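Input: a single structure, listed below in structure tokens.
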Amino acid sequence: MNRREALKRLIDKKFNGKQADFARAIDRSPSLVWQCLSGHRPIGEKLARAIEGKLRLENGWLDNPPSESFELENPKASRAEVAAGALMGRRADDRNINTREGPQVRGLVPLISSVQAGGWCEVAGSFEASDAEKWLPCPVKHGPHTFCLTVEGESMKNPYGKPSYDPGDIIFVDPDVAPTSGARVVVRLESQEKATFKQYVEEDGQCMLKALNPEWKPRYVPLGERAAVCGVVIGKWVPE
């Protein structure tokens with residue numbers, strides 16, 4: 001087991017896979033943790049010993065972790081976990097609270113531009129953490145190449161119900177999900193640098209992109225053979 005595998009096991013077992021909590025515990029940025037786990041940055045001697053020191057692990061633990069289960073000495077709970085615990089305690093005593101526990105955060109994904117999304121399939125493997133506008137927590141299960149985008153324009157704003165996407169909404173896009181008819185997708189059309197966001201439709205053997213806004217012109221665009229599907233939308237976040 002190499003250091004990267006040992007680090008992933010450590011985060012999965014002791015931080016429930018939450019990279020942000022692990023980054024906070026070792027006083028490092030989430031982007032650095034992502035780089036280490038993805039293989040974009042080697043876990044050198046200095047960093048490995050620093051991680052072990054912060055978590056009170058034996059010197060050399062990352063080079064030779066125990067094969068069985070292990071315990072950390074006095075792991076520090078994150079502020080979010082403490083707050084969540086206090087909130088759950090209050091909910092048990094207050095029937096008037098109109099909220100419920102949110103989804104588990106499953107890792108951070110990069111927020112990128114529509115131009116970056118257009119070439120994502122080619123550059124995902126060499127993407128640098130600093131290339132992202134920011135890193136956002138994704139609340140749903142997703143693949144290793146997932147990214148997020150800010151919705152531009154009103155072509156996907158549906159005045160008659162859901163799904164609907166307003167300008168400024170954040171969509172999470174997974175390139176490892178195969179598109180099916182009705183799915184919302186991010187696509188780079190032929191001869192275009194920027195990616196576009198539309199609904200994927202298959203009808204009578206033809207593949208098309210559809211705008212959810214009935215007033216958008218053109219509402220349907222043929223999906224040519226040279227178009228590239230950059231990923232399928234797996235969720236959205238609405239910033240305040």
Side-chain angles (χ1 to χ4, degrees), residues 1-67 69-85 102-113 116-117 120 123-150 170-177 231 234-235 237 239:
M1 181 183 296
N2 58 37
R3 287 175 181 171
R4 182 161 62 90
E5 293 170 339
L7 184 64
K8 184 179 185 303
R9 178 171 175 240
L10 173 65
I11 296 173
D12 287 342
K13 284 184 172 291
K14 289 304 167 187
F15 295 88
N16 296 318
K18 298 178 181 179
Q19 296 180 28
D21 285 353
F22 171 74
R24 192 178 299 112
I26 64 171
D27 294 330
R28 294 294 195 277
S29 68
S31 62
L32 181 143
V33 175
W34 177 85
Q35 289 179 64
C36 292
L37 293 176
S38 63
H40 287 88
R41 175 178 181 146
I43 305 174
E45 187 75 13
K46 184 177 180 180
L47 179 58
R49 303 294 84 86
I51 292 173
E52 292 162 354
K54 286 290 185 180
L55 300 180
R56 300 179 185 176
L57 296 170
E58 292 183 3
N59 189 62
W61 189 97
L62 284 172
D63 299 313
N64 187 28
S67 58
S69 61
F70 55 88
E71 296 294 334
L72 294 180
E73 182 182 351
N74 299 323
K76 297 180 180 179
S78 68
R79 292 182 180 179
E81 291 171 331
V82 173
Q104 177 183 351
V105 174
R106 297 175 179 266
L108 301 176
V109 299
L111 176 66
I112 62 177
S113 70
Q116 288 174 306
W120 185 253
V123 304
S126 59
F127 185 78
E128 295 291 340
S130 59
D131 292 336
E133 295 181 23
K134 62 176 68 174
W135 290 77
L136 297 175
C138 184
V140 296
K141 185 178 180 180
H142 58 279
H145 303 116
T146 298
F147 61 92
C148 51
L149 286 174
T150 301
I170 304 293
I171 54 174
F172 294 88
V173 187
D174 192 340
D176 296 321
V177 175
I234 58 174
W237 173 60

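Counting begins at 1 with the first residue of the sequence. As the structure is a prediction and not an experimental result, all values here were calculated from the model. These numbers come from the heavy atoms of this one structure, side chains and all, not from hydrogens, waters or symmetry mates.
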Any chance you could measure [X], atom [atom1], to [Y], atom [atom2], to the nearest 0.5 Å?
| X | Y | atom1 | atom2 | answer |
| --- | --- | --- | --- | --- |
| Leu62 | Glu52 | CG | CD | 4.5 Å |
| Ile26 | Leu47 | CD1 | CG | 6.5 Å |
| Asp176 | Thr146 | CG | OG1 | 6.5 Å |
| Cys36 | Ile43 | SG | CD1 | 5.0 Å |
| Trp61 | Leu55 | CH2 | CG | 9.0 Å |

Legend entry - Residue pair Leu149, Ile112: steps toward the side-chain contact (heavy atoms from CB on, under 4.5 Å) verdict: CA-CA 6 Å; Leu149 286 174; Ile112 62 177; 3.9 Å; yes

[X] side-chain N/O to [Y] backbone N/O, donor-acceptor pair under 3.5 Å:
| X | Y | result |
| --- | --- | --- |
| Gln19 | Leu108 | no |
| Asn2 | Arg4 | yes |
| Glu133 | Leu111 | no |

Legend entry - Residues which pass side-chain hydrogen bond (donor to acceptor under 3.5 Å, both in side chains) with Asp63, listed by chain and number, not counting sequence neighbours: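 With neighbours one apart ignored, the set is Arg3, Arg49.
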
Inset, instruction - With sequence neighbours excluded, tell me which residues meet side-chain hydrogen bond (donor to acceptor under 3.5 Å, both in side chains) with Asn64. - result: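 Residues passing side-chain hydrogen bond (donor to acceptor under 3.5 Å, both in side chains) with Asn64: none at all.
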
Inset, instruction - Applying side chain to side chain contact (heavy atoms under 4.5 Å, CB included), name anything that partners Lys46, two or more places apart in sequence or on another chain. - result: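 For Lys46 there are no side chain to side chain contact (heavy atoms under 4.5 Å, CB included) partners, ignoring immediate neighbours.
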
Legend entry - Pairing of Asp12 and Arg9 as salt bridge, 4.0 angstrom limit: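 Looking at Arg9 together with Asp12, the answer is no, because their closest N to O distance does not fall below 4.0 Å.
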
Legend entry - Side-chain heavy-atom pair Phe147, Pro175 within 4.5 angstrom cut-off: yes

Compare every heavy atom of [Y] with every heavy atom of [X], then report the nearest pair and how far apart it is.
| X | Y | answer |
| --- | --- | --- |
| Val33 | Ala23 | CG2-CB, 3.7 Å |
| Arg28 | Ala50 | NH2-CB, 3.6 Å |
| Trp135 | Ala132 | NE1-CB, 3.7 Å |

Legend entry - side-chain contact (heavy atoms from CB on, under 4.5 Å) assessment of Val140 paired with Asp174: CA-CA 11 Å; Val140 296; Asp174 192 340; over 6 Å; no

Inset, instruction - Mind telling me whether Phe15 and Phe22 have parallel, tilted or perpendicular rings, with 30° and 60° as the class edges? - result: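 The rings of Phe22 and Phe15 stand perpendicular, inter-plane angle above 60°.
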
